[in-house]
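Contents: one structure, followed by commentary.
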Amino acid sequence: TQQSLNRDTIAAVATAPGRGGIGVIRLSGPKALSIAQQICGDKPLKARYAHYRNFFHSEQLIDQGLALFFPGPNSFTGEDVVELQGHGGPVILDQLLKATIELGARQARPGEFSERAFLNDKMDLTQAEAIADLIDAGSAQAARNAMRSLQGAFSDKIEDLVESLTHLRIYVEAAIDFPEEEIDFLADGKVAADIQALLAQMAGVEAQARQGAIMREGMRVAIAGRPNAGKSSLLNALAGRNTAIVTDIAGTTRDILREDIHIDGMPLQFADTAGLRDAPDKVEQIGIERAWEEIHQADRVLLVMDAEQLHSLDPAEAWPEFTNQLQDLDKLTLVLNKIDLSDYSAGLQAHTQGVPVIAISAKTGAGLEALKEHLKQSIGFSGAAEGTFSARRRHLEALERARAFIEQGSQQLHSHGAGELLAEDLRQAQQALGEITGAMSADELLGKIFGSFCIGK
Ligand code: GDP
Ligand code: ZN
């Protein structure tokens with residue numbers, strides 16, 4: 001896509017801050033080799049050889065270690081790259097880095113090495129992001145997913161989608177170019193069938209990407225309900241310690257309390273929210289507003305209700321205001337709490353109106369295993385999930401946008417036989433997909449993505 005411009009040479013400490021056996025300075029750019037030669041002495045650094053050298057600057061011996069030279073384009077960034085591997089002390093590394101800068105390099109911005117690799121077509125955006133994910137992985141599963149994305153598992157899926165979409169676009173554009181045949185072209189059922197097939201293909205990729213994003217960022221679970229239903233007790237029981245304040249005074253949890261919990265390697269971010277009721281007090285009202293925000297943003301909402309006070313298992317009857325507010329009932333689970341006081345059996349699982357119901361006691365722990373199992377199932381998590389790859393919310397949003405365009409186009413075709421409008425929607429869908437791999441990304445987006453990487457990457 002983009003040509004390797006005449007860039008400056010960048011340098012950074014590539015190893016983690018602090019002390020360690022080894023510390024690495026990485027250089028990339030046209031002057032990488034000449035700068036390294038000035039530090040390592042005159043004997044030439046051969047490509048892809050490990051040379052044991054003294055590192056000098058201004059006649060001063062700074063350190064000794066290995067120098068490795070990777071000539072472009074067969075390097076990580078696609079440019080000339082040199083690694084100086086010295087001892088991992090902050091003072092030594094700082095002196096080495098300063099030496100490279102005095103010799104003409106510039107301190108790299110966060111993620112700038114990966115950005116160059118992307119700009120030089122060494123990898124696409126999802127792969128560059130996968131490197132960051134691999135480094136940040138909080139679990140073995142998340143690391144495996146990142147590795148799969150890095151190897152192109154996600155990019156391949158997006159490319160398949162783009163290919164299907166391109167076929168469809170060619171067909172539709174051709175139909176528009178031959179107006180006398182347009183009606184036949186568009187009405188022959190092929191386009192409609194292709195659109196349906198494409199939507200099904202997208203739904204598959206979206207589901208995988210959603211699981212990948214959840215494995216990376218954690219599934220967001222909001223614990224909601226009326227005051228005293230046992231929300232804070234549930235959070236404490238899940239966390240296995242007392243973080244949330246439990247009292248029998250209604251309205252105690254006024255702000256959001258968060259807790260990261262792993263269930264069999266699946267990361268979850270629980271949020272204990274303020275009890276939902278008509279609050280007379282201003283402070284409590286603010287807490288309730290925040291609770292609603294949390295509920296809307298969550299991947300899953302656990303609506304905790306006191307089993308003794310429940311008059312119906314149907315959430316729409318049990319709490320009509322709540323189900324009205326929450327349009328998307330797909331992410332709702334009704335949790336019947338305090339079954340130690342009533343005659344529900346622990347772990348009872350039912351569905352009403354498609355909403356799962358699970359009976360627990362936060363006090364005795366009964367039913368908690370069933371609840372955990374349910375949370376895993378709700379996103380199709382299986383401990384050793386094969387075929388998942390790491391993905392980000394940004395990818396999901398782009399996929400959703402692409403799907404919305406295709407659905408809209410399909411509607412245009414269906415109700416108006418409008419080929420032109422369909423063609424435009426398909427073009428926009430492709431644009432959205434292109435943002436995922438970086439085939440069509442605005443500079444601003446790139447800046448945002450690479451800016452969140454750490455330095456030296
Ligand atoms: P929240 O306002 O929804 O966060 O509710 P809390 O967790 O603060 O609990 C309110 C009251 O209900 C406290 O006195 C808890 O001890 C009690 N409680 C919570 N869960 C259970 C349960 O499963 N069984 C019984 N018997 N009491 C519970
Ligand atoms: Zn509480």
Side-chain angles (χ1 to χ4, degrees), residues 138 214 217-264 266-310 315 318-319 321-323 325-326 328-329 331-341 355-376 378-379:
I214 283 171
E217 292 164 26
M219 175 184 188
R220 284 183 289 199
V221 183
I223 304 178
R226 293 207 196 281
N228 275 329
K231 300 178 294 299
S232 302
S233 303
L234 172 58
L235 181 66
N236 286 339
L238 288 166
R241 61 171 177 269
N242 291 343
T243 28
I245 306 162
V246 176
T247 67
D248 38 23
I249 307 162
T252 316
T253 311
R254 286 178 166 171
D255 215 337
I256 313 272
L257 211 114
R258 292 174 203 285
E259 185 78 27
D260 289 338
I261 298 168
H262 278 78
I263 298 179
D264 297 342
M266 176 172 93
L268 298 104
Q269 294 171 12
F270 282 93
D272 178 18
T273 64
L276 302 169
R277 63 166 175 178
D278 296 326
D281 150 12
K282 183 102 187 168
V283 180
E284 199 184 330
Q285 263 171 28
I286 294 172
I288 292 173
E289 275 165 33
R290 296 215 180 116
W292 277 117
E293 272 171 40
E294 197 67 32
I295 289 164
H296 287 298
Q297 283 166 14
D299 296 309
R300 182 139 292 268
V301 179
L302 300 181
L303 177 55
V304 183
M305 300 190 90
D306 188 329
E308 278 206 303
Q309 292 173 11
L310 198 74
W319 198 343
E321 313 96 275
F322 186 92
T323 48
Q325 269 262 11
L326 188 74
D328 183 10
L329 284 188
K331 65 179 189 182
L332 180 65
T333 299
L334 193 62
V335 176
L336 302 187
N337 188 30
K338 309 195 188 184
I339 55 164
D340 53 302
L341 301 177
V355 174
V357 180
I358 294 183
I360 65 153
S361 167
K363 189 173 183 179
T364 67
L368 282 184
E369 281 312 310
L371 178 59
K372 289 180 183 174
E373 201 50 45
H374 163 72
L375 287 171
K376 286 198 299 185
S378 69
I379 57 155

Quiz item: So does Glu373 pair up with Lys376, basic N to acidic O under 4.0 Å?
Solution: yes
Practice problem: Working to the nearest 0.5 Å, report the span between NZ of Lys338 and CD of Gln309. | Solution: 7.0 Å
Exercise. Check Ala224 against Val301 and note the closest heavy-atom contact, atom names and distance.
Key: CB-CG1, 4.3 Å
Quiz item: In Å and rounded to the nearest 0.5 Å, what is the CE to CG distance from Met305 to Leu310?
Solution: 5.5 Å
Quiz item: Measuring from Ile223:CD1 to Ile295:CD1, what's the distance to the nearest 0.5 Å?
Solution: 11.0 Å
Self-check item: NZ-CG distance between Lys372 and Leu238, expressed to the nearest 0.5 angstrom
Solution: 6.5 Å
Quiz item: Taking all atoms of both residues into account, what is the closest heavy-atom pair of Gly230 and Ala362, and its distance?
Solution: O-CB, 4.5 Å
Self-check item: For Ala291 against Leu276, the heavy-atom pair lying closest together
Solution: CB-CD2, 3.8 Å
Quiz item: side-chain contact (heavy atoms from CB on, under 4.5 Å) between Leu329 and Thr323: does it pass, once the steps are laid out?
Solution: CA-CA 7 Å; Leu329 284 188; Thr323 48; 3.9 Å; yes
Exercise. Please assess Arg290 against Glu293 for the test salt bridge (Lys or Arg N to Asp or Glu O under 4.0 Å), listing each intermediate value before the final yes or no.
Key: CA-CA 5 Å; Arg290 296 215 180 116; Glu293 272 171 40; over 6 Å; no
Quiz item: With distance as the sole test, does Asn337 use its side chain to make a donor-acceptor pair with the main-chain N or O of Val304 at under 3.5 Å?
Solution: no
Quiz prompt | Candidate list Leu326, Val355, Asp299, test side chain to side chain contact (heavy atoms under 4.5 Å, CB included), partner Lys331, passing option | solution = Leu326
Quiz item: If you look at every heavy atom in Leu336 and Ala307, which pair is closest and at what distance?
Solution: CB-CB, 4.1 Å
Self-check item: Steps toward side-chain contact (heavy atoms from CB on, under 4.5 Å) verdict (Leu234, Phe270)
Solution: CA-CA 10 Å; Leu234 172 58; Phe270 282 93; over 6 Å; no
Quiz item: Could you go step by step and tell me if Thr364 and Ile339 meet the side-chain contact (heavy atoms from CB on, under 4.5 Å) rule?
Solution: CA-CA 9 Å; Thr364 67; Ile339 55 164; over 6 Å; no
Quiz item: How far does OG of Ser378 sit from CG of Leu332, to the nearest 0.5 angstrom?
Solution: 11.5 Å
Exercise. Check for a donor-acceptor pair, side chain of Lys231 on one end and backbone N or O of Ala271 on the other, with a separation under 3.5 Å.
Key: no
Self-check item: Euclidean distance, Leu303 CG relative to Thr333 OG1, rounded to 0.5 Å
Solution: 9.5 Å
Quiz item: Can you find a heavy atom in the side chain of Leu371 that is under 4.5 Å from one in the side chain of Leu302?
Solution: yes
Quiz item: Considering residues, nucleotides and ligands other than Lys363, do more than 12 of their heavy atoms fall under 6.0 Å from its NZ?
Solution: no
